[in-house]
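The next block holds one structure in the form of structure tokens; read it before the comments.
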Amino acid sequence: ILFTFVSLALLLLLLYLRNPYICQDLSYTITAIKIAIRMSKFKKQKPFYSILDCFLDQVARQPHKKFIVFEESSYTYSQADKESNRVARALSKHAQLKEGDTVALFLGNEPQFVWIWLALTKLGCNASLLNYNIRSKSLLHCFSCCEAKVLVAGADLRGAVEEVLPTLNQQGVRVFILSEDCDVEGIESLSDKIQQASDQPLSPQLRANINLKSPALYIYTSGTTGLPKAAVINHERLWMASFVQAVAGVRSDDIIYVYLPLYHSSGFLMGLCGAIEKGITVVLRRKFSASHFWNDCRKYNVTVIQYIGEIMRYLCNTPKRDNDRDHKVRLALGNGIRADTWTDFLQRFGAIRICECYGATEGNIGFVNYAGKVGAIGKENFLHKMGCPYALIRYDTEKEEPVKDSRGFCIEVPRGETGLLIARIAERSPFIGYAKNSQQTEKKKVRDVFVKGDLYFNSGDLLKIDNEGFVFFQDRIGDTFRWKGENVATTEVADHLLMVDCIKEANVYGVKVPGHEGRIGMAALTLKENMDFDGKAAYQHVKNFLPSYARPRFIRIQDALVVTGTFKQMKVKLGEEGFNPAVIRDPLFYLEDNKGYVPMTQEIFSSIAEGRIRL
Ligand SMILES: *[C@@H]1O[C@H](CO)[C@@H](O)[C@H](O)[C@H]1NC(C)=O
Ligand SMILES: *[C@@H]1O[C@H](CO)[C@@H](O)[C@H](O)[C@H]1NC(C)=O
């Protein structure tokens, strides 16, 4: 017996030495298998088991548990259920909604957002989650992507709605606003109608034809090019994203802090839907605030937080306090934290497990760094790779295309080298694409990658996988860059710049800024003959039409724009050249907050480099 014991111990030690992450690997594998089993049960059930059914089960199981805590109010699972019944009844009566209709939600983070979405799901409707920062042309564009026949807007967004109201009314769209009354012709009030409606449950018959593959939501993303596109999130995808919390180790007694916008997948899918799956309490906040963050965590006993890299850096940049470690947060779930911020964060705020994840809203592949390795976005796992096969292929960043071998196929990079992540599109890892945009959907697909006829999803991200199987994010390619957690589509920004009178051509790209995640917007411009750069007009235009994160912070005036052999605009080289006036001879301008474009100086450059100016 002793011998068996010793040899077993030795074997375990040997395994551990070969793979120090064996425990985490095992626990991940077990969780993944459990999820796969549950998923297949949901699929088989007739009618299928949706996240709404899961919510209703939580209501039955724990009606008095707090579901949403918001400012000074809190709502139990049962109250949320009743509230959403009211909304569903009001909308079905006054907007004549029925199964399969699409409703656009234009609303900030508040409990009503959750009630309305639940209500729409109860009616079998698709919800289109509009980014509340967008205005005018972009707003109309996003709205028309999903052919919504009803718009529900928050009271504070009334001005933005009125701007586009004539077009909406022309298109026969019903517009509701969350207020008691409204005296604007073409806008109907909704809050009064909700209050008058009954809170009795709705018949599941109303959504009898919805299945796992039916669209549930539209979430907007920049994808790789052009205007925002509506990524179709079907019920299957909704489930998969909801399981991220389980993979990250969220427990049923946790309390999660959701302050990321609910119109994005991190806040909505990973945050809210994940919370429903686990049946936990959500502390909802309108907007991130560095100064309130830890006070909120203390006040509401938050145990799990979500993050994007920028947020973690802001938190580390706040003045140190004695009570920095006085909180119950044990787990942080998110993406994009840089290795140095990660270390700073742990040192300052105590032993919080950071679970970094990777995934795109419309993507068919994701990673979770379940082993907690600093700086990694995920870890390879054979089961995961079997479920959704992926590869890193060699990519030429200057030509902006994959490198091909002599037979015309792509080349997988060796371990430790950077390559473009592609993931096979298959039954188990489907790519649904964008609503009413087959052209852009097609653009995200690559065919004949390793053999004739195969089909992959192009993530647009360059990654690296090390010897231990840890996955590291390197860069993003193509026509988008990420700033402050938002994707910015370069072509969309360029289209707006071209509307400014003096601008002839525009090439928009992202540049790295010391101490910041992602890239900030910069534009190389050529001007019309005999015209000067009109900083005032350019500022007015970008301010009116682009959300702040998308406005080019730097402008570079060139005599001619450099293009590649295939007439593609050069972005990589310009991005590398940056915005240092000591290096760049072309005239440079800088967008000063609340002021407009001013000539770039060495003084400004140093202030940015040394962190005295916050971008
Ligand atoms: C909304 O969902 C239904 C199925 O639930 C689907 O048939 C319909 O096409 C969706 N609407 C849009 C605009 O995609
Ligand atoms: C937080 O936890 C403490 C101690 O467990 C408890 O006394 C307090 O009421 C809780 N606060 C909230 C808002 O639930």
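Counting convention: from 1, in listed order, for ligands and their atoms alike.
Neither the backbone nor the side chain of Cys125 has a heavy atom within less than 4.0 Å of ligand 1. At a heavy-atom distance under 4.0 Å, no atom of Asp101 approaches ligand 1. Contacts with ligand 2 closer than 4.0 Å are made by side-chain heavy atoms of Lys328 only, the backbone lying farther away.
Close approach of ligand 1 to Thr102 is summarised as follows: ligand atoms under 4.0 Å from at least one heavy atom of the residue are 11 (N), 12 (C), 13 (C). Each of the following atoms of ligand 1 lies closer than 4.0 Å to a heavy atom of Ser214: 5 (O). Shown in contact with Cys146 at under 4.0 Å from a heavy atom are these atoms of ligand 1, numbered in order with element: 13 (C). For ligand 1, the atoms sitting less than 4.0 Å from at least one non-hydrogen atom of Ile210 are 5 (O), numbered in the order shown with element in parentheses.
The distance from atom CG of Asn131 to atom NE2 of His264, rounded to the nearest 0.5 Å, is 6.0 Å. Rounding to the nearest 0.5 Å gives a distance of 4.5 Å between CG of Leu272 and CD1 of Ile276.
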**OP:** Please test Arg298 against Asn295 for side chain to side chain donor-acceptor pair (under 3.5 Å), starting from the C-alpha separation and ending with a verdict.
**Re:** CA-CA 5 Å; Arg298 281 184 277 269; Asn295 285 336; 3.1 Å; yes
Original post:
Can you list the steps and then say if Asp156 with Tyr132 is a side chain to side chain donor-acceptor pair (under 3.5 Å)?
Top reply: CA-CA 10 Å; Asp156 50 333; Tyr132 55 72; over 6 Å; no
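A donor-acceptor contact closer than 3.5 angstrom is absent between the side chains of Glu356 and Tyr370. With hydrogens and angles left out, the side-chain atoms of Asn109 and Lys287 include no donor and acceptor closer than 3.5 Å.
Atom 5 (O) of ligand 1 is approached by the protein to below 4.0 angstrom, counting heavy atoms only. Checking atom 9 (O) of ligand 1 against the protein gives no heavy-atom contact under 4.0 Å.
Checked against a 6.0 Å centroid threshold, the rings of Tyr314 and Phe293 do not count as neighbours.
One finds a salt bridge joining Asp81 and Lys122 here, because a Lys/Arg side-chain nitrogen approaches an Asp/Glu carboxylate oxygen to under 4.0 Å. Salt bridge annotation for Lys193-Glu188: absent, with no cationic side-chain nitrogen under 4.0 angstrom from a carboxylate oxygen.
Among protein heavy atoms, atom 11 (N) of ligand 1 sits closest to Asn126 ND2, 2.9 Å. Of all protein heavy atoms, the one lying nearest to atom 1 (C) of ligand 2 is Asn301 ND2, 1.4 Å. The nearest heavy-atom contact from the protein to atom 13 (C) of ligand 2 is Lys299 O, 3.3 Å.
Among the atoms of Tyr218, some N or O lies under 3.5 angstrom from an N or O of ligand 1.
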